[in-house]
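The analysis underlying the following values was restricted to heavy atoms, covering all of them including side chains, and did not include hydrogens, waters or symmetry mates. Counting convention: from 1, in listed order, for ligands and their atoms alike.
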Amino acid sequence: MTEAIQQLILDTLDKDGSIKDTRTLVLPGHSEAAATHDAQIIILGALNSLSSREMITYETHETMSHVLTEEGASIALSGSHEARVWAAVPTKGQGSPLTPKELEQALGSEIAKVGQGRAFKNKWIVKEGGGLVKLAASIDDTTQKDMREVDSTGTLKAGEKALADLRKRKLIAQKKGQWFNVYKGPHFSTSTAKPETDLTVDMLTSGAWKTSTFKKYNFEAEGIPTNGGVLHPLLKVREEIRNIFLEMGFAEMPTSSFVESAFWCFDSLFVPQQHPAREVQDTFYLSDPSKSLTPPADYYAKVAKVHEHGGYGSNGYRAPWSDEESHRLLLRTHTTASSSAMLWKLAARCRGEEEDVDVHALSAHSGTTRKAKGSGGGDGFRPAKLFSIDRVFRNETMDATHLAEFHQVEGVVADRDLTLADLIGFMRVFFTKMGIENIRFKPAYNPYTEPSLEIFAFHPQLNKWVEVGNSGMFRPEMLEPMGFPKDVHVHGWGIGLERPTMIRYGISNIRTLVGHKVSVESVEKSPAVRF
Ligand code: PHE
């Protein structure tokens, strides 16, 4: 259709030199000239396409025309109210007069009421014997005629006064329209073949370039958006949190071992071998290889002994120790598995061994809530502040807020004589730096910490307290077998990464943040994180 209209315009220009009024064009497949608003819109599309190729130029003229309202359209179709009343009542002397009630039933109360008034005024009907009968033998429904005229021509020959009257009666409304006059452009031709967009080798060798028409460069075009790399929201939040730790003098722990032994994930943390968290519905175990290397023999023996018989002030679990259970390989369920292995390394000098990782070289010891008491004491201990942000895995049923893998943010602080007040003070500083000032603590239970605290933050949008973390003072029966002196205390805590990110970005389903359903566009457009 558009091609045919374009051709019509070009042919008309070729024949007449110009088009004075596009309302005179007779569009393909039509018998009448294109006087209507809709027809001019279609013509405008064709004009724009031709003028972009500089084949034509055109000028726009605004007009004001009229269209029928819903009521006007129904009159054009079924007649005016008064004509419908006249048609409904019987001719005098033929049949019984129609009562006003019957009329209302036949036409509806609105048409019956308005129509009756006008029909009386026009002397089309009279009252007779408590009912209505025709007075005029025939009528001329001028309103319907007017409606039909406006509908087909957009105006009335009768002129503006008649139009104003119909507008007042809300039967017609004004509508802006446009029409155009059209001239030949610099690249006028009667052929609508699309202009070339590129100069090709073929055109050069064949010489076709001499006669081809080329599309003009559009220097106003916005161009294709550049595709720079962006950080996923989770990585942005992770980077922010990492910066908070670094600013507080923490060093990052290596956490690349997604696969751990049950020994580091559970046993070293004094989690009993019969603990429900160890069961297959909560933990993913490896089938191949299924058995870990043997942990450091001395330490292993001490851990086994604490579990089975107690020690370091603890009664132990008084349950048989299983080597097999301790050697099972699994996907770590918390990053505390890595923290524990790191603490054991940290205690190397206290055991009189060489350190194989210089944990202390990483740690800056500045900006904490308390001054580190530090080394000294002749036992080789040096304080440390360590953190990690990495993946953990749990055999969860996945839903809108749970995945089988997620991230934990974790930190441990080791120093002499640390107290619970240090932990609480640290938490307040840490969360304030994350933009969360309103926090509360609730006593909790972890097999490896005593006391343990859950951390709750007030969520202003949800208007309630939500759990944001878990923390505690590591137990002596966990620390002393590693070789730490009695006065060295370690506090630690873990918080999620996904939940604060979801809150920050207003994401209600975790699967739109992580996994194959993440839209790259939403990642590209997500705002920079602000803590
Ligand atoms: N491992 C705990 C968790 O997964 C967090 C924690 C870390 C608690 C360190 C206390 C000390 O929730």
Item checked: Atom-level proximity to ligand 1, residues with heavy atom under 4.0 Å -> H334, T336, R394, Q408, E410, N446, Y448, T449, N470, S471, G472, F474, G492, W493, G494
Checklist line | With Q7 via side-chain hydrogen bond (donor to acceptor under 3.5 Å, both in side chains) - residues at least two apart | finding: D11
Check: Any ion pair linking D323 and R328 (charged N to carboxylate O, less than 4.0 Å)?
Finding: no
Notebook entry, point to check: What pairs with Q281 under side-chain hydrogen bond (donor to acceptor under 3.5 Å, both in side chains), at least two apart in sequence or on another chain?
Noted result: E279
Check: Under the criterion ring pair (Phe, Tyr, Trp, His ring centres under 6.0 Å), which of Y448, Y317, F474 is the partner of F270?
Finding: Y317
Note to self: Tell me which one of F431, F245, F250, F441 satisfies ring pair (Phe, Tyr, Trp, His ring centres under 6.0 Å) with F426.
What the structure shows: F250
Note to self: Going by the rule side-chain hydrogen bond (donor to acceptor under 3.5 Å, both in side chains), which residues pair with H489 if we only count those two or more places apart in sequence or in a different chain?
What the structure shows: none
